[in-house]
Each structure stands twice: as structure tokens, then as C-alpha cells.
S.K.: 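This structure is in C-alpha cells; I'll ask about it shortly.
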Amino acid sequence: GHTSATDTRIWVKASAPAKLGVRVGQQPDLSDGRVVSGPALTVASACMGQVTVSGLQPAQRYFYCVVLDGRPAMLAPYPSFITAPPAGTPGRVRFAFISCVGYHHYDAAAGWADMVRTNFDLVLLLGDNHYGNSPLPAKQRAAYYDQRRTAGYREVTGRVPAYAVWDDHDYGPDNSDGTLKGKDLALQSFKEHWANPAYGEPDNPGVYFKFTRGDVDFFLLDVRYYRSPNKSTNLATKTMLGAAQLAWLKRELAASRAPIKVLASGSEFQSYGTEDSWRSFQRERDELFGFIEEHRIPGVLLVSGDRHFTAAYQVKGRWLEVTSGPLGSSFADSKPTPEMFYHAGRGRFYCIYDLDTRGQPPAVTLEVYRVGDGLIHRRAFTWGEVTGQTKIPPLTTPTRTDGARPTTAQPKP
């Protein structure tokens, strides 16, 4: 889970009730290890729990072993992780981002196995992290367990921090929104399974949060808990985020001094997406974009999931967005749109952003990986492309209708 320069969170599920602890040290055999006590894992929590290990040093490798009822529950060689550099320190951050893992654990097994062999510092899971399609705890837990039994998943998340938000299928049924009955149950299940730094705000529950890695700030959004129905026609109050979350996001963006800010959403920001995307919430989306421009907040990168292809856009000719998917779900092609400048639809994919803030301006590089093939696309963006001062030519020149919502012409065969 969340790992800062001085602490980390470790999520554990046991097969029976036990007292949880973690032994952690810098020697591979844990001969210098200390035991950090955690909670009692009980039947009420399905024998799940988290331990926060504090007192760590920045940018150091630590080995660890789960301890249950005072006895080691793992065998050597022990897994390890590296703490983050001090907050605000310029450097290089490589983060992976994925979505859409599929209905069964084996759907994404090859994807996770590929990621084991790829170098990155942390991973963002941007929704459809399982396909339980129900807020009920029993179905949520069964779907989470099915995904987490994959060896590659355990290997990746055992060594790098994993941060998650949900989309529709791991929140409730397809295209679920804030009217979902039982959404509080879905939220409780989410909090049971993810060791995020926060879950909304004390007075506004949800799965949104912010964290910092070096001098890159990450803002992960909850696009389901407060979402109006996609077909709602009350444009004055129609919302994706809800008033409190939107106010939080504006406040945190304005306060950020990071040269790069990553804004992550389960739904696409692009103007030509599906009905179940920010396309149906353009008033709120454009209000957010206007706030960023008005306050001259630089270096904002958009990442998203949900779609069963991988693509890159320059939204409104200004904002770079990369949609990553699917890792395990069925894949699909997409028609070119006026904002799209890269597309990969045949196969399963994950993406990595390589961000280097040691120079002026920062260096921003996108890597696209196809499962089984490795790296298939690498693009270094200019800072002008990041800020929207330099326009990126789209893949084609589709037409636009006169309607309120943009559409594209059918590509010629």
C-alpha cells in the first residue's frame, strides 16, 4: 500500500483469525528485523487487516515477513520494497497505471506476470479492479480474492506500492452512479482491501485521495459515489464528483507546488468518449479545466481507464490524457476522434509514465506495453505539448456534427 519516505502500509489476509504483525529490516534474512504489531484479524473482517510500519529512512530497501500469532507466516527469500525519497525532492518517478482486469483471475494473469518483469516505482489501479458487479460484501470479497490469488498480482503488489480507485464494475453493476443502493457497503469493502493513504475526507466519504512521490503530486478521484445518472438532464446540478470532492480537488491543486501533477480518473476526460465518461459531465469538467487555467496551475497530466483499449489524447487541444486498458478484459478497437493522437486496440495493455523533474522543464515520457510483446510505443513529450502550447496532430481529421455532443465520421475502409 501507500509508501512514503518514512512509513509503509502492508495489507494482509489470513486463512483464520490471528494476531497480525510484520517483521521488517534491511538485511535480506531479517537478522536486524523488528516486529511491528498490527490488529487482530477476526471473522468480522474476513481475517483482513493492515499494518503501518513507521520509522523508516527515505529511499532505502527494506525486507519484511508477515507474522501471525507471533510466528513467521512467510518463507525466505523475503519480499522487499523501497521507501520514497523525501517529499519535494526532484528526481525520477516511474509509475504504471492499469484498468479492466477481467471477470476471472486468469484473464489478467499474463498481464501481471509481464509487469513483474517491468521496472516502475508504483502502480495506479484506475477501476474495474474486479468485476463483482454488486455492492454486496460477499460478492465484493469473492471478486477481490479471485483477482488476488494470481501469483503475478501478489509479486507486483508485494514489492511496489499499489494505489486504487474504483469504477463501475468494482463499485456496483455496469454504469452505476451515486443512486446505487448499498454503496456504503461497497465503500466498506473497498476500505477493507486497499491500503490507501485516505478514503475521501472525514466529513465526505469516498475513495478519493492525494499523495506525493518525490516532487510529483497524485490526485486520485472517486467518479462513482457522488455521480449523477449519466442521462440526467439537470445540467445546473449534474455532477461527477459532488460539490465537496470538487472543492477538495481545486483546493489541493491550487496548494500544490509540484512541477507535475497527475490527475487520475476511472472515467475518460476526452470530449468524444462514451456516455459513461466525462463527456456526459462536460460542464463540471470544463469548470475544473477553467480553474486550472485561471490559477495558472502547470504540469497537469490526465490518466484514466474504463475503455478496453489504450489511447492518448490532447483534450480540447490543451490537456494530455492517456487511457490505459485493458489488462485482462476483452479488447476492442476505437474510432479515431479529433483529440486522439495514439491508439492501440488489439491486445491487452498497461502503461508507464516516466517523469524526471531534475531538469527544467521536467521530462515526461510515455511507455505503452502490450502483454506478451513488451514495449510497443515510447514517446517523449515536449513541455509545450504537456502545457498545451504545442498542438499534437490527431490520427485523422474526423468531422464534427452540429449537436451538443461531438461525434466522429465513420473511417473509410
Side-chain angles (χ1 to χ4, degrees), residues 1-4 8-9 11 81-82 84 92-101 108 111-112 114-116 118-130 144 147-148 152-153 155-171 190 193-200 206-214 216-224 249 252-253 256 258 260-269 299-307 310-312 320-329 348-355 364-369 371:
H2 173 55
T3 301
S4 72
T8 191
R9 300 184 182 193
W11 176 90
F81 62 91
I82 298 176
R92 188 177 177 189
V93 177
R94 288 174 56 84
F95 74 92
F97 53 109
I98 66 166
S99 71
C100 305
V101 301
W112 289 114
D114 263 25
M115 293 178 71
V116 169
T118 312
N119 176 38
F120 52 90
D121 301 308
L122 58 98
V123 57
L124 308 182
L125 294 93
L126 301 181
D128 294 345
N129 305 312
H130 66 67
Y144 274 119
Q147 292 294 337
R148 296 188 177 192
Y153 176 90
E155 176 69 19
V156 170
T157 60
R159 62 179 175 83
V160 301
Y163 300 85
V165 288
W166 55 25
D167 200 37
D168 48 352
H169 293 287
D170 50 341
Y171 169 66
F190 183 94
H193 289 89
W194 297 107
N196 285 340
Y199 311 91
V207 303
Y208 63 95
F209 60 94
K210 168 187 175 289
F211 72 96
T212 300
R213 183 87 180 193
V216 177
D217 282 347
F218 293 83
F219 306 83
L220 277 76
L221 303 181
D222 186 335
V223 297
R224 294 292 165 181
L249 178 58
E252 294 295 337
L253 282 170
S256 173
I260 297 178
K261 305 156 189 71
V262 177
L263 187 54
S265 164
S267 297
E268 281 190 309
F269 290 94
V300 176
L301 297 175
L302 310 176
V303 297
S304 56
D306 181 54
R307 307 302 299 278
T310 290
L320 285 185
E321 176 181 14
V322 178
T323 294
S324 179
L327 188 70
S329 301
R348 294 183 170 93
F349 305 91
Y350 59 96
C351 293
I352 292 176
Y353 253 130
D354 189 319
L355 310 177
V364 176
T365 302
L366 172 67
E367 300 171 0
V368 178
Y369 293 80
V371 175

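Computed from a predicted structure; not experimentally measured.
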S.K.: Is Val303 close to Phe218 at the side-chain level, that is, under 4.5 Å between some pair of heavy atoms?
M.R.: no
S.K.: Write down the atom of Tyr350, the atom of Gly111, and the distance for their closest heavy-atom approach.
M.R.: CE2-O, 4.4 Å
S.K.: Nearest 0.5 Å, please: how far is CG in Leu126 from OG1 in Thr323?
M.R.: 9.5 Å
S.K.: Calculate, to the nearest 0.5 Å, the distance between atoms CG and NZ belonging to Leu263 and Lys210 respectively.
M.R.: 12.5 Å
S.K.: Using modelled atom types only, decide if a donor and an acceptor are shared between the side chain of Glu155 and the backbone of Val116 within a distance under 3.5 Å.
M.R.: no
S.K.: Would the distance check show the side chain of Thr310 and the main-chain N or O of Gly325 forming a donor-acceptor pair, the cut-off being under 3.5 Å?
M.R.: yes
S.K.: Minimum heavy-atom separation for Asp306 to Gly266, with atom names?
M.R.: CB-O, 3.2 Å
S.K.: Distance check, rounded to the nearest 0.5 Å: Leu221 atom CG versus Ser304 atom OG?
M.R.: 11.0 Å
S.K.: Quick one: closest heavy-atom pair of Asn119 and Ile352, and the distance?
M.R.: O-CD1, 4.0 Å
S.K.: With a 4.5 Å limit on heavy-atom distance, are the side chains of Asn196 and Val207 in contact?
M.R.: no
S.K.: To the nearest 0.5 Å, what is the distance between CE (Met115) and CD1 (Ile98)?
M.R.: 5.0 Å
S.K.: Quick check, are the ring centers of Tyr163 and Phe211 under 6.0 angstrom apart?
M.R.: yes
S.K.: Nearest 0.5 Å please: distance from the CZ atom of Phe219 over to the CG atom of Leu301.
M.R.: 11.5 Å
S.K.: Determine whether Lys261 and Leu253 make a side-chain contact, defined as any pair of heavy atoms from C-beta on separated by less than 4.5 Å.
M.R.: yes
S.K.: Using 4.0 Å as the upper bound for N to carboxylate O, is an ion pair formed by Asp354 and Arg94?
M.R.: yes
S.K.: Could you report the tightest heavy-atom contact between Phe269 and Glu321, atom names first, then the distance?
M.R.: N-OE2, 2.8 Å
S.K.: Without swapping roles, check the side chain of Arg213 against the backbone of Phe95 for a donor-acceptor pair under 3.5 Å.
M.R.: no
S.K.: Quick check on ring-ring contact (aromatic ring centres under 6.0 Å, His included): which of Trp194, Tyr208, Tyr171 does Trp166 satisfy it with?
M.R.: Tyr171
S.K.: Is there a donor-acceptor contact under 3.5 Å from the side chain of Asp128 to the main chain of Val101?
M.R.: no
S.K.: Would you say the side-chain atoms of Arg348 pair up with the backbone N or O of Gly328, donor to acceptor, closer than 3.5 Å?
M.R.: yes
S.K.: Yes or no on side chain to side chain contact (heavy atoms under 4.5 Å, CB included) for Tyr353 and Leu366, after CA distance, side-chain angles and deciding distance?
M.R.: CA-CA 5 Å; Tyr353 253 130; Leu366 172 67; 4.0 Å; yes
S.K.: Kindly indicate, with the supporting measurements, whether the criterion side chain to side chain contact (heavy atoms under 4.5 Å, CB included) is fulfilled by Phe120 and Glu367.
M.R.: CA-CA 11 Å; Phe120 52 90; Glu367 300 171 0; over 6 Å; no
S.K.: Does Leu327 offer a backbone N or O that forms a donor-acceptor pair with the side chain of Ser329 under 3.5 Å?
M.R.: no
S.K.: Using a 4.5 Å cut-off on heavy atoms from C-beta on, say whether the side chain of Tyr369 contacts that of Thr118.
M.R.: yes
S.K.: What are the two closest non-hydrogen atoms of Leu125 and Ala162, and how far apart are they?
M.R.: CD1-CB, 4.0 Å
S.K.: How many angstroms lie between NE2 in His193 and CD in Gln147, if you round to the nearest 0.5 Å?
M.R.: 11.5 Å
S.K.: Taking the side chain as C-beta and beyond, is there a heavy-atom pair between Ser99 and Arg307 under 4.5 Å?
M.R.: no
S.K.: What's the shortest heavy-atom distance between Phe190 and Ala164, and which atoms?
M.R.: CZ-O, 3.2 Å
